[in-house]
Amino acid sequence: MDIPLSTIAVVGLGTMGTGIAEVLARAGREVIGIDISEAAARQAVAALEASTARSVQKGRITEDERHDVLARFRTFSDLQAAAEAQLVIEVVPESYEIKQQVFRELDAITSPTAILATGTNALSVTRLAAESRRPERVLGLHFFNPAPAMKLVEVVSSVLTAPPAVEAVTALARELGKEPVAVGDRPGFVADGLLFGYLNQAAAMYEANYASREDIDAAMKLGCGLPMGPLALLDLIGVDTARTVLEAMYSASHDRLHAPAPILRQLSEAGLTGRKSGRGFYTYAATGSQTVVPDAKTPQESAGAVAGRTVRSVGVAGSGTMASGIAEVFAKAGYDVVLAARSQEKADTAKGRIAKSLERSVTKGRLTAEARDETLGRITTAGSLDSFDDVDLAVEAVAEDLAVKQQLFTTLDKVCKPGAVLATTTSSLPVVACARATSRPQDVIGMHFFNPAPAMKLVEVVRTVLTADDVHATVRDVCVKIRKHPVDCGDRAGFIVNALLFPYLNNAIKMVGEHYATLDDIDAAMKLGGGYPMGPFELLDVVGLDVSLAIEKVLHSEFRDPGLAPAPLLEHLVAAGCLGRKTGRGFREYARR
């Protein structure tokens with residue numbers, strides 16, 4: 001069935017409706033904008049005038065083309081104006097009552113061949129379709145904000161939707177320059193279904209005073225390459241909107257990860273809904289402003305801050321990629337480094353890896369040959385931890401095995417001089433368990449670097465209940481000197497980044513295991529709709545499925561939340577030896593090197 005979609009009505013001219021109308025008008029469609037508020041209609045026209053004027057100034061369109069775009073956008077205050085539309089897209093508030101009323105009226109107004117699309121990201125498309133007189137022509141068309149810039153469009157089918165309707169809107173999305181992803185009807189669909197669980201956990205983490213809002217946001221930006229931190233993103237989306245989406249998700253899934261964190265209700269009921277109100281998790285310069293201003297919760301530099309210990313030399317234990325990367329970081333920053341491994345040969349091999357890394361930097365013009373030589377000259381290798389007898393800071397980066405680490409800390413306790421700071425780079429094990437293997441637990445702290453250490457700016461600084469204040473101050477000072485961004489967190493599974501990242505990855509695996517969406521569609525949805533640098537399955541294959549499963553198990557064991565139980569598909573792949581890129585096969589297959 002060939003369904004022409006040349007005249008399209010957009011019902012609801014808020015930010016999203018206005019953006020969708022702009023995309024359609026620029027693509028040559030006749031657009032009928034409908035809103036009961038004449039002020040909203042005027043604002044939508046003004047927004048299109050302003051955006052097209054900017055396009056003319058930048059040479060992207062001519063003045064004549066701008067005139068044509070504006071002429072294709074007409075606004076009305078009555079739904080009757082939708083009578084001539086072949087497609088109607090509603091983007092009214094997220095309320096079944098409001099949306100159902102709109103659909104009932106459209107049933108009586110529009111042609112029997114017209115397609116009715118809901119822009120919901122939280123409500124059931126099936127429920128809306130079931131009450132229509134033409135359920136086979138009702139579907140979801142979920143754009144992302146800002147619609148002119150975001151490439152993703154989720155095309156949502158219910159069990160009632162006719163394939164020709166899906167084909168028509170999918171073809172339209174491609175003609176608009178978008179990337180359509182086909183999904184079924186469940187709250188949040190793909191992108192928001194994964195995103196909002198993560199945002200909810202971040203809100204709960206902040207509410208529990210586990211980490212500051214600034215540190216949570218910095219950790220996810222620097223540790224995962226995300227364009228925004230979760231709490232800043234909640235303020236942008238709207239705290240009330242996030243709560244609505246999560247309520248819908250929880251009512252369908254009964255997954256505690258989707259149960260809205262109490263702070264979302266508290267902020268919503270107080271009217272602190274984010275940027276649009278001028279205050280949410282952060283405080284803004286004005287209503288609608290994106291400029292964050294200091295408030296009572298903004299970190300203050302304390303005049304009486306505890307002084308750290310002096311660090312001139314650093315010992316790095318280990319011979320793998322992480323150990324050599326950390327040694328390179330400290331040597332570049334001017335510290336004398338002792339790189340110790342289980343044998344002199346392994347230590348020398350690790351230093352050789354550093355030499356190759358530095359040479360690549362020289363080749364790319366990021367480092368001079370003189371600086372390379374000076375950096376290598378600061379690194380001494382050793383085949384025993386006895387060489388750590390005079391270091392001021394000892395950092396272990398050995399296997400992620402608690403017994404191995406505890407044995408190493410017992411040795412460090414005997415070898416290192418009094419007052420030396422002892423740090424573990426563990427990403428999943430309890431730091432305090434390492435500390436208790438020594439006679440000086442107050443000197444032990446976590447320094448969780450991210451791989452590759454020379455490139456990644458984040459270090460999670462993990463205090464135990466026994467860590468001394470001056471040890472904490474020492475490590476924070478050192479992080480700044482090696483040009484890393486320290487974030488503070490307590491000693492619990494996953495710290496900040498992994499505790500928020502891996503449940504999101506696990507939920508993506510569950511979507512595939514439940515045959516809700518494909519690997520490619522989920523990866524595309526998160527990159528295009530969420531701004532993620534990698535899709536979840538791309539990332540899982542890079543991290544390693546065995547590593548991911550181990551972290552999932554630690555999180556599940558610590559928090560005892562059924563929603564954190566590792567996805568069966570992940571366990572099956574690991575059992576089959578499909579561990580990702582390192583084995584040539586994980587969620588995808590890779591060419592052998």
Side-chain angles (χ1 to χ4, degrees), residues 151-152 179 181 188 190-199 201-202 216-230 233 257 321-322 325 400 427-428 448-453 455-458 460 493-513 516-556 563-564 566-574 576 578-591 593:
K151 290 291 187 183
L152 181 67
E179 294 285 343
V181 170
V190 171
D192 286 352
L194 295 177
L195 177 65
F196 278 87
Y198 150 71
L199 296 178
Q201 287 179 283
I216 291 171
D217 280 353
M220 298 314 292
K221 287 167 64 180
L222 297 174
C224 297
L226 299 179
M228 293 183 75
L233 182 54
L257 297 177
T321 303
M322 182 58 81
E400 195 73 345
S427 63
S428 60
H448 180 212
F449 287 80
F450 287 73
N451 200 21
M456 298 294 281
K457 294 293 185 185
L458 181 68
E460 290 177 319
F495 310 137
I496 296 175
V497 174
N498 286 347
L500 296 179
L501 174 63
F502 279 88
Y504 148 77
L505 296 174
N506 200 43
N507 285 336
I509 301 169
K510 290 177 182 177
M511 280 188 175
V512 170
Y516 175 65
T518 66
L519 301 178
D520 291 343
D521 280 350
I522 293 173
D523 276 355
M526 297 317 296
K527 289 192 290 186
L528 299 172
Y532 284 65
M534 299 177 75
F537 298 101
E538 291 177 290
L539 181 56
L540 282 159
D541 278 353
V542 168
V543 171
L545 273 57
D546 52 338
V547 174
S548 301
L549 178 59
I551 294 173
E552 294 288 0
K553 286 181 175 179
V554 168
L555 291 172
H556 184 228
L564 294 175
L569 178 57
L570 177 62
E571 294 184 306
H572 294 162
L573 287 169
V574 172
C578 301
L579 308 183
R581 286 185 178 271
K582 59 189 174 186
T583 61
R585 183 178 175 187
F587 283 97
R588 295 185 175 90
E589 292 192 22
Y590 302 90
R593 293 185 178 180

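In what follows, every heavy atom counts, from backbone to side chain, and hydrogens, waters and symmetry copies are set aside.
Ion pairing between a basic and an acidic side chain is recognised when a charged N comes within 4.0 Å of a carboxylate O; Lys582 and Asp541 show no such pairing. The existence of a salt bridge linking Glu538 and Lys527 is confirmed by a sub-4.0 Å separation between a basic side-chain nitrogen and an acidic carboxylate oxygen.
With hydrogens and angles ignored, the 3.5 Å screen pairs no side-chain donor or acceptor of Glu460 with any backbone N or O of Phe449. A distance-only check finds no donor-acceptor pair linking the side chain of Lys510 to the backbone of Leu569 [under 3.5 Å]. In this structure a side-chain-to-backbone donor-acceptor pair under 3.5 Å is missing from Asn507 to Leu194.
Separating the OG atom in Ser428 from the CZ atom in Phe502 is a distance of 9.5 Å, to the nearest 0.5 Å. Rounding to the nearest 0.5 angstrom, the gap separating the CG atom in Leu564 from the NE2 atom in His556 is 6.5 Å. Atom CG of Asp192 sits about 9.0 Å away from atom CG of Leu199, to the nearest 0.5 Å. Between atom CE of residue Met220 and atom CG of residue Leu500 there is a gap of 5.0 Å, rounded to the nearest 0.5 Å. With rounding to the nearest 0.5 angstrom, the CG atom of Leu226 is 5.5 Å from the OH atom of Tyr532. For the atom pair CG of Leu539 and CG of Leu501, the computed distance is 6.0 Å after rounding to the nearest 0.5 Å.
A pairwise comparison of heavy atoms in Ala517 and Val190 identifies CB-CG2, 3.9 Å as the closest pair. Here the closest non-hydrogen pair linking Pro533 and Gly225 is CD-O, 3.5 Å. Scanning both residues, Pro566 and Glu552, for their nearest heavy atoms gives CG-CB, 3.9 Å. Counting all heavy atoms, side chain and backbone alike, Phe450 lies closest to Met322 at C-CE, 3.8 Å. In plain terms, the two heavy atoms of Ala493 and Ala499 that are nearest each other are O-CB, 3.9 Å. The nearest pair of heavy atoms linking Ala191 to Ala525 is CB-O, 4.1 Å.
Between Val543 and the choices Val547, Leu545, Leu540, Asp546, the side chain to side chain contact (heavy atoms under 4.5 Å, CB included) rule is met once, by Val547.
The aromatic rings of Tyr198 and Tyr504 sit tilted relative to each other, their planes meeting at an angle between 30° and 60°.
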**Study point:** Evaluation steps, side chain to side chain contact (heavy atoms under 4.5 Å, CB included), between Glu571 and Lys553
**Key:** CA-CA 10 Å; Glu571 294 184 306; Lys553 286 181 175 179; 4.2 Å; yes
Practice item. Decide side chain to side chain contact (heavy atoms under 4.5 Å, CB included) for Phe537 and Leu505; before the verdict, give the C-alpha distance in whole Å, the side-chain angles of both, and the deciding distance to 0.1 Å. Key: CA-CA 8 Å; Phe537 298 101; Leu505 296 174; over 6 Å; no
Check your understanding: Is there a side chain to side chain contact (heavy atoms under 4.5 Å, CB included) between Asn498 and His448 once you walk through the steps?
Key -> CA-CA 11 Å; Asn498 286 347; His448 180 212; 4.2 Å; yes
Practice item. Apply side chain to side chain contact (heavy atoms under 4.5 Å, CB included) to the pair Met228 and Asp217, showing each step before the final yes or no. Key: CA-CA 7 Å; Met228 293 183 75; Asp217 280 353; over 6 Å; no
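Counting only heavy atoms from C-beta outward, the side chains of Arg588 and Asp523 approach each other to under 4.5 Å. At a threshold of 4.5 Å between non-hydrogen side-chain atoms, the residues Met511 and Ile522 count as touching.
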